[in-house]
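Below you'll find the structure, written out as structure tokens, and then a few comments.
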Amino acid sequence: MAGERFNARIADAKWQAAWDAARCFEARDDDPRPKSYILEMFPYPSGRIHVGHVRNYTMGDVLARAHRMQGRAVLHPMGWDAFGMPAENAAMARGVHPGEWTRANIAAMRDQLKSLGFAFDWSRELATCDPEYYGHEQALFLDLYAAGLVYRRESQVNWDPVDNTVLANEQVIDGRGWRSGALVERRKLAQWFLRITQFADELLDGLAGLDKWPDKVRTMQENWIGRSKGLRLRFALADPSTIEVYTTRPDTLMGASFLAIAPDHPLALAADPALQPAIAALKLGGTAAADIETAEKVGVDLGIRVRHPLDPTITLPVWAANFVLMDYGTGAIFGCPAHDQRDLDFARKYGLPVRRVVAAEGADPAEPIGTEAYTGPGRIVNSGPLLDGLAIEPAKAAVIARAEAEGWGEGSTVFRLRDWGVSRQRYWGTPIPIIHCATCGPQPAPRDSLPIVLPEDVDFATPGNPLARHPTWKHVACPACHGPAERETDTLDTFADSSWYFLRFASHPANAPFDRAAVDKWLPVDQYIGGVEHAILHLLYARFWTRALAHIGRLTVAEPFAALFTQGMVTHETYKASQVYSYTDSDGRSQIGDDEYWVAPDEVERSGNQLIESSTGNMVEVGRVEKMSKSKRNTVDPTPVIDQYGADAVRWFIVSDSPAERDFPWSATGIEGAWRFIQRAWRIADTVADEPDLAPTPDLAKAAARATHGVTEDIAALQFNKAIARLYDLATQIERAPPGTRRASTLIFLKLVAPIAPHVAEEAWERLGQHGLIVDAPWPQADPALLIDDTVTLAIQINGKLRDTIIAPKGLAREAAEALAMGQEKIVIALAGATPKKVIVVSDRLVNLVA
RNA sequence: GCGGACGUGGCGAAACCGGUAGACGCACCAGACUUAAAAUCUGAGUCCGAAAGGAGUGCGGGUUCGAGUCCCGCCGUCCGCACCA
């Protein structure tokens with residue numbers, strides 16, 4: 001195709017077929033070269049690929065392809081996180097079976113991914129909704145069960161009292177069920193838990209070794225696990241019983257003015273029947289932390305009084321309160337309004353006393369607390385001889401020592417981290433392999449009954465879990481007594497599916513979840529890439545499963561992801577149109593109103609210097625650049641863009657400009673710019689192909705070496721935007737070099753481009769008469785001698801302000817640099833005969849004359 | 001509410017360890033080529049100012065010969081919060 005434009009449509013298909021035929025991207029377990037496991041977080045098959053996926057997988061692909069050219073054995077797999085709520089929502093809304101919906105989505109999305117030419121090892125593809133996958137997950141669950149890492153207890157869920165169903169947090173909108181609109185309440189249900197807290201110390205301490213993780217993610221996990229030292233103490237009631245409370249601020253104990261317990265605390269349930277309706281009202285609202293924390297703090301005085309452990313003459317009232325949860329700690333707290341904002345708000349609302357017990361250094365201990373709790377440092381005041389005058393930390397120690405000596409409490413380390421509730425009252429998930437028997441209790445399902453497969457004939461006409469109401473599925477014999485029993489109808493949280501998929505990619509035997517030797521070869525993942533929204537839950541759960549499997553002897557590796565990269569979101573301008581209409585108001589007068597609505601990018605067109613909506617001609621205003629979302633209609637489907645510009649332009653654009661960890665604004669003009677560069681890269685090769693092959697000029701050889709060095713570093717650091725800037729530079733240098741001297745540099749250029757834009761690189765490689773595929777070509781090496789410049793530009797400053805620059809030999813001595821600077825005409829004029837008081841010379845950088 | 005980040009031209013950004021702010025790209029403008037357009041190439045391009053010069057990295061202070069970078073205090077925006085994935 002000499003002299004013609006690069007035809008992406010033809011080239012994309014041609015080279016994708018060539019890579020397929022050569023099975024380029026299949027990883028071999030017996031490959032002796034150094035391994036590189038590159039993994040992007042696998043997608044939920046929601047229907048279509050969105051540009052966020054394209055960004056994520058392009059980043060991983062560039063790295064995988066570069067590593068491959070650098071001579072490593074690369075494992076770069078892809079699969080589907082295929083269980084989840086949207087499939088059931090589709091089933092309810094459209095009557096399609098979740099499995100059918102999911103598999104159709106997978107087929108469509110796989111085609112889309114293939115059209116982008118990603119170097120995936122498709123032979124290892126998996127979908128978590130396949131019994132071949134989730135059966136092994138059930139086996140692993142039984143292993144954890146046998147190791148004592150699984151247990152069952154009651155826990156709160158969002159309950160919709162109209163639909164009689166459990167709601168996910170996202171299905172609770174402003175405290176109401178999303179379908180019924182009923183006020184949601186918190187209700188208790190027996191549920192399965194994984195004992196992640198047993199690994200709390202390990203998971204926390206293990207973060208220190210993850211030096212290739214972003215600091216922010218490690219900090220978030222640290223705070224999430226939240227190891228703290230505090231005091232578990234008991235307040236005595238009038239009768240011999242006690243209420244147990246946990247606090248991280250035992251130093252403020254003398255500031256306690258009330259106790260608050262969860263509305264479902266045994267004492268609250270045992271309170272005066274007349275109070276029960278008020279107590280029940282405290283359970284309204286969702287279980288999400290943000291809902292609970294931001295809801296108005298309300299409570300009910302239970303009429304119970306407890307004695308203060310440090311001063312038995314003080315009695316404190318016990319309240320039931322909506323912000324205390326039975327699931328956290330002991331389900332009871334002591335309120336110290338002076339030094340905790342939430343307690344202060346509560347105390348002010350109900351007229352409870354506020355007693356300052358901490359004062360800043362030098363501040364008046366009698367200074368009353370206003371509307372803001374004091375949480376800063378200082379000394380203990382108003383707390384009696386035991387504590388007054390102590391700093392906070394010694395005061396904590398003193399209270400703990402006293403509690404332990406007198407037997408009413410003990411110091412303890414607690415974690416913010418709670419055990420992982422994995423039960424979901426839903427159909428489209430991995431069935432929990434447990435059988436409930438009225439006589440024997442819960443029994444693990446027999447190994448030879450795995451996989452326990454989901455029934456296909458289910459109905460979604462009514463809310464609730466279709467597994468529970470299926471006529472036959474749950475009825476089985478008890479494995480112990482063989483009497484009639486019932487299967488667990490809860491399914492596993494989909495986070496369980498994504499907690500070990502990276503092991504199954506490394507090794508996928510039919511008769512076991514994975515093979516240890518193969519996993520040991522490939523793990524840990526050398527580079528994991530995904531959205532920062534997974535910084536806590538998914539990454540913590542995956543770390544936990546890996547550690548738990550190592551703990552029970554199934555694995556050697558303890559940490560699954562050696563390096564983590566969290567990429568930013570793809571954003572787009574939003575567009576709003578307005579529709580003017582007239583109506584008659586309640587007084588019978590005619591009025592003009594206007595409705596604003598969102599317009600999709602492909603419905604916006606330019607008309608003069610005005611934007612209009614194509615279908616209606618309504619005026620369109622450009623709104624903020626925001627995360628792509630269906631509600632704002634600012635999403636872009638990559639497929640038409642690939643059809644128009646080709647895979648390379650899309651890949652090039654999506655990793656250009658914005659640093660990978662930051663948000664990336666997609667724009668129609670941006671993709672055109674990328675497309676122009678792909679054409680330019682082809683044009684360079686096409687032109688150079690017909691030229692003789694003479695030695696490059698020194699300048700071009702240097703430019704190619706600099707680009708090689710820089711691009712290699714930039715790709716390794718996932719700084720694709722910088723690599724791309726260098727490639728633009730090198731393209732310019734090649735274009736400006738004398739014809740006939742640029743063949744070698746062009747070949748280097750193409751190799752450097754290949755990981756990002758592999759199709760045009762192959763086409764150009766072939767045009768230049770090279771044998772074999774460029775994906776198999778070795779990565780270029782930069783000659784270190786070419787990276788060194790013999791001249792530098794020195795900045796000359798007066799009082800730190802730039803006055804001139806000079807080109808000087810590299811490594812110039814400070815006296816010579818100073819003399820050179822002082823001799824410059826601009827400097828002589830600026831100094832006007834004055835002698836600098838001081839001269840600062842930074843070698844090969846600048847001379848600063850301080851006047 | 002709690003936790004974590006981010007903030008540099010019209011826009012996306014770059015700036016090694018505190019040392020020439022704005023590389024590279026997008027958009028825009030001017031020019032070349034063309035009968036014309038597209039494509040391509042060349043150039044201008046932070047702001048104020050005619051220029052000399054001055055100001056300038058969210059805002060206010062500080063450290064330093066020198067601050068986008070370090071410190072203190074604000075403001076704004078975004079993300080996560082355990083049943084969304």
Side-chain angles (χ1 to χ4, degrees), chain A residues 5 41 43-44 46 81 83-86 157-158 166-172 191 196 214-217 219-220 222-224 226 286-295 297 323 327 341-342 345 416-426 493-495 497-498 531-538 540-541 566 568-569 571 624-627 653 656-659 661-665 667 669-674 676-677 679-680 683 719 721-722 724-729 732 735 793-805 836-840 842 845-851:
Chain A
R5 273 195 185 177
M41 291 178 186
Y44 177 76
S46 53
D81 188 14
F83 275 138
M85 229 168 35
V157 293
N158 298 307
V166 175
L167 298 177
N169 283 338
E170 75 158 11
Q171 297 173 319
V172 179
Q191 309 205 68
I196 188 172
D215 287 342
K216 63 173 175 181
V217 175
T219 309
M220 281 192 259
E222 239 169 73
N223 291 334
W224 186 260
T287 60
D291 293 342
I292 291 164
E293 296 293 329
T294 54
K297 312 296 177 272
F323 59 90
D327 287 356
Q341 192 60 45
R342 192 177 57 181
D345 295 343
R416 209 185 77 94
L417 181 68
R418 308 183 329 244
D419 275 335
W420 174 13
V422 292
S423 285
R424 299 290 181 271
Q425 296 69 39
R426 283 196 267 281
D493 180 2
T494 58
F495 272 124
D497 310 335
S498 53
V532 70
E533 66 274 17
H534 294 294
I536 297 176
L537 294 180
H538 161 60
L540 194 62
Y541 292 147
T566 55
M569 293 176 308
T571 59
R624 307 169 23 137
V625 174
E626 291 195 68
K627 173 181 177 174
F653 176 49
S656 65
D657 290 354
S658 288
E661 68 278 9
R662 238 185 270 180
D663 287 354
F664 177 85
S667 69
T669 50
I671 181 73
E672 293 214 18
R676 279 200 295 271
F677 180 79
Q679 293 300 333
R680 189 175 163 204
R683 210 160 44 239
Q719 298 186 328
N721 55 321
K722 288 163 69 175
I724 281 177
R726 290 183 205 280
L727 289 169
Y728 274 112
D729 242 4
T732 305
E735 286 166 340
T793 306
L794 286 183
I796 307 171
Q797 302 176 330
I798 294 176
N799 293 331
K801 280 190 193 293
L802 183 71
R803 292 297 163 184
D804 203 359
T805 59
K837 284 191 214 121
K838 193 171 162 189
V839 179
I840 288 156
V842 180
R845 282 219 157 261
L846 60 77
V847 178
N848 186 14
L849 308 169
V850 185

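Bear in mind that the values here come from a model prediction, so they are computed numbers and not experimental data. Each chain gets a letter, A, B and so on, in the order the sequences are listed, and its residues count up from 1.
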Go ahead and name the base partner of G7(B); Watson-Crick or wobble counts if both distances stay under 3.5 Å, otherwise write none.
C75(B)
From CD of E626(A) over to P of U77(B), roughly how many Å is that when rounded to an integer?
12 Å
Walking RNA chain B from its 5' end, the first of D729(A) and A288(A) to be reached, judged by nearest nucleotide, is D729(A)
Write down the distance separating the C1' atoms in A85(B) and G80(B), rounded off to the nearest Å.
13 Å
Within the structure shown, what part of the strands sits under 4.0 Å from F495(A) by heavy-atom distance: base, sugar-phosphate, or nothing?
base
Could you report the tightest heavy-atom contact between Q719(A) and K722(A), atom names first, then the distance?
OE1-NZ, 2.8 Å
For the side chain of P665(A), starting at C-beta, report the closest nucleotide among A82(B), G80(B), G12(B).
G12(B)
Between C74(B) and G7(B), how far is it from one C1' atom to the other, in whole Å?
14 Å
Using a 90° cut-off around 0 for syn, call C17(B) syn or anti.
syn
Have a look at R683(A) and say if it touches a base, only the backbone sugar-phosphate, or nothing, with a 4.0 Å heavy-atom cut-off.
sugar-phosphate
Name the pairing partner of G56(B), where a pair is Watson-Crick or G-U wobble with both distances under 3.5 Å, or state none.
none
Describe, in one word, how the ring planes of Y541(A) and W420(A) are oriented to each other, choosing from parallel (under 30°), tilted (30 to 60°) and perpendicular (over 60°).
parallel
Students often mix this up, so state it plainly: with edges at 30° and 60°, are the rings of H534(A) and F495(A) parallel, tilted or perpendicular?
perpendicular
Checking one value: the base orientation of G9(B), syn if chi is within 90 degrees of 0, otherwise anti.
syn
Return no unless some side-chain N or O of K801(A) is found under 4.0 Å from OP1 or OP2 of A55(B).
yes
Who does C2(B) pair with, Watson-Crick or G-U, both distances under 3.5 Å?
G80(B)
Spacing between R662(A) atom CZ and A14(B) atom C1', to the nearest angstrom:
10 Å
Under 3.5 Å on both distances, the Watson-Crick or G-U partner of C17(B):
none
Mind checking S498(A) for me? I need base, sugar-phosphate or nothing, with any heavy atom below 4.0 Å counting as a touch.
nothing
Among the candidates C79(B), A85(B), G25(B), find the nucleotide nearest to the side-chain atoms of L537(A).
A85(B)
Between D657(A) and N721(A), does the side chain to side chain contact (heavy atoms under 4.5 Å, CB included) criterion hold? Intermediate values first, please.
CA-CA 5 Å; D657(A) 290 354; N721(A) 55 321; 5.6 Å; no
Whole-angstrom distance between C41(B) and C26(B), as gauged at atom P
10 Å
May I ask you to say what V839(A) touches in the nucleic acid, namely base, sugar-phosphate or nothing, with a heavy-atom cut-off under 4.0 Å?
nothing
Pick base, sugar-phosphate or nothing for Q679(A), based on heavy-atom distances below 4.0 Å to the nucleic acid.
nothing
I want to verify a distance call: between C84(B), C24(B), A85(B), whose nearest atom is closest to the A725(A) side chain?
C24(B)
RNA chain B: R424(A) or Q341(A), which has the more 5' nearest nucleotide?
Q341(A)
So, does D81(A) use its side chain to make a donor-acceptor pair with the main chain of P43(A) at under 3.5 Å?
no
Can you figure out which of C84(B), C41(B), U20(B) approaches the side chain of E170(A) most closely?
C84(B)
Any donor-acceptor pair, under 3.5 Å, between the side chain of E661(A) and the base of C6(B), if you only look at N and O atoms?
no
Residue matched to A30(B) through Watson-Crick or wobble contacts both under 3.5 angstrom
U42(B)
If every non-hydrogen atom of G421(A) is compared with every non-hydrogen atom of D493(A), which pair is closest and at what distance?
O-OD2, 4.4 Å
Could you please name the option among C41(B), C83(B), G54(B) that lies closest to any side-chain atom of D493(A)?
C83(B)
Classify the side chain of N223(A) and the base of G3(B) as holding, or not holding, a donor-acceptor pair under 3.5 Å.
no
Rounded to the nearest Å, what distance is computed from the CG atom of residue L540(A) to the P atom of nucleotide A82(B)?
14 Å
Indicate whether any N or O donor in one side chain lies under 3.5 Å from an N or O acceptor in the other, for N169(A) and T287(A).
yes
Describe the nucleic acid contact of A290(A) in one word from base, sugar-phosphate, nothing, applying a heavy-atom distance below 4.0 Å.
base
Atom pair OG1/CG of T732(A) and L727(A) - distance to nearest 0.5 Å:
10.5 Å
H534(A) has an atom NE2; how far is it from atom P of A82(B), in whole Å?
15 Å
If we take the C1' atom in both U63(B) and C71(B), what is their distance in whole Å?
7 Å
Counting side-chain heavy atoms from C-beta on, which of C41(B), C65(B), C83(B) comes nearest to E735(A)?
C41(B)
Check: C24(B) base within 3.5 Å donor-acceptor of R726(A) side chain
no
C1' gap between G22(B) and A55(B), integer Å
15 Å
Are the side chain of D663(A) and the backbone N or O of M569(A) linked by a donor-acceptor pair below 3.5 Å?
yes
Rounded to whole angstrom, note down the C1' distance from C79(B) over to U69(B).
25 Å
Tell me whether the OP1 or OP2 atom of C26(B) has a side-chain N or O from R676(A) closer than 4.0 Å.
yes
Considering only the P atoms, how many Å lie between U8(B) and A15(B), rounded to the nearest integer?
15 Å
Whole-Å distance, N799(A) CG to A67(B) P, equals 11 Å
Between C78(B) and G12(B), how far apart are the two P atoms, rounded to whole Å?
15 Å
Quick one: is G4(B) close enough that its OP1 or OP2 comes under 4.0 Å of any side-chain N or O from T219(A)?
no
Which whole-number value in Å describes the distance from W224(A) CH2 to A82(B) P?
6 Å
Measure from the side-chain heavy atoms of P659(A) and tell me the nearest of C83(B), A13(B), C84(B).
A13(B)
Presence of donor-acceptor pair under 3.5 Å, side chain of Q425(A) and base of C83(B):
yes
Taking atom P of G53(B) as reference, at what distance in whole Å does atom CG of L802(A) sit?
12 Å
Within the structure, does a side-chain N or O atom of R416(A) lie under 4.0 Å from either OP1 or OP2 of G3(B)?
no
With the side chain defined as heavy atoms from C-beta on, V166(A) is closest, among C83(B), G12(B), G80(B), to C83(B)
Under 4.0 Å, heavy atoms only, any strand: does K837(A) hit a base, just the sugar-phosphate, or nothing?
nothing
Between atom OH in Y728(A) and atom P in C41(B), what is the gap in whole Å?
12 Å
If you check the R803(A) side chain, which of A85(B), G54(B), G19(B) turns out closest?
G54(B)
Nearest-neighbour nucleotide for the D81(A) side chain, G4(B), A85(B), C78(B) considered
A85(B)
Out of curiosity, M220(A) CE to L537(A) CG, how far, rounded to the nearest 0.5 Å?
11.0 Å
Check: C83(B) base within 3.5 Å donor-acceptor of N169(A) side chain
no
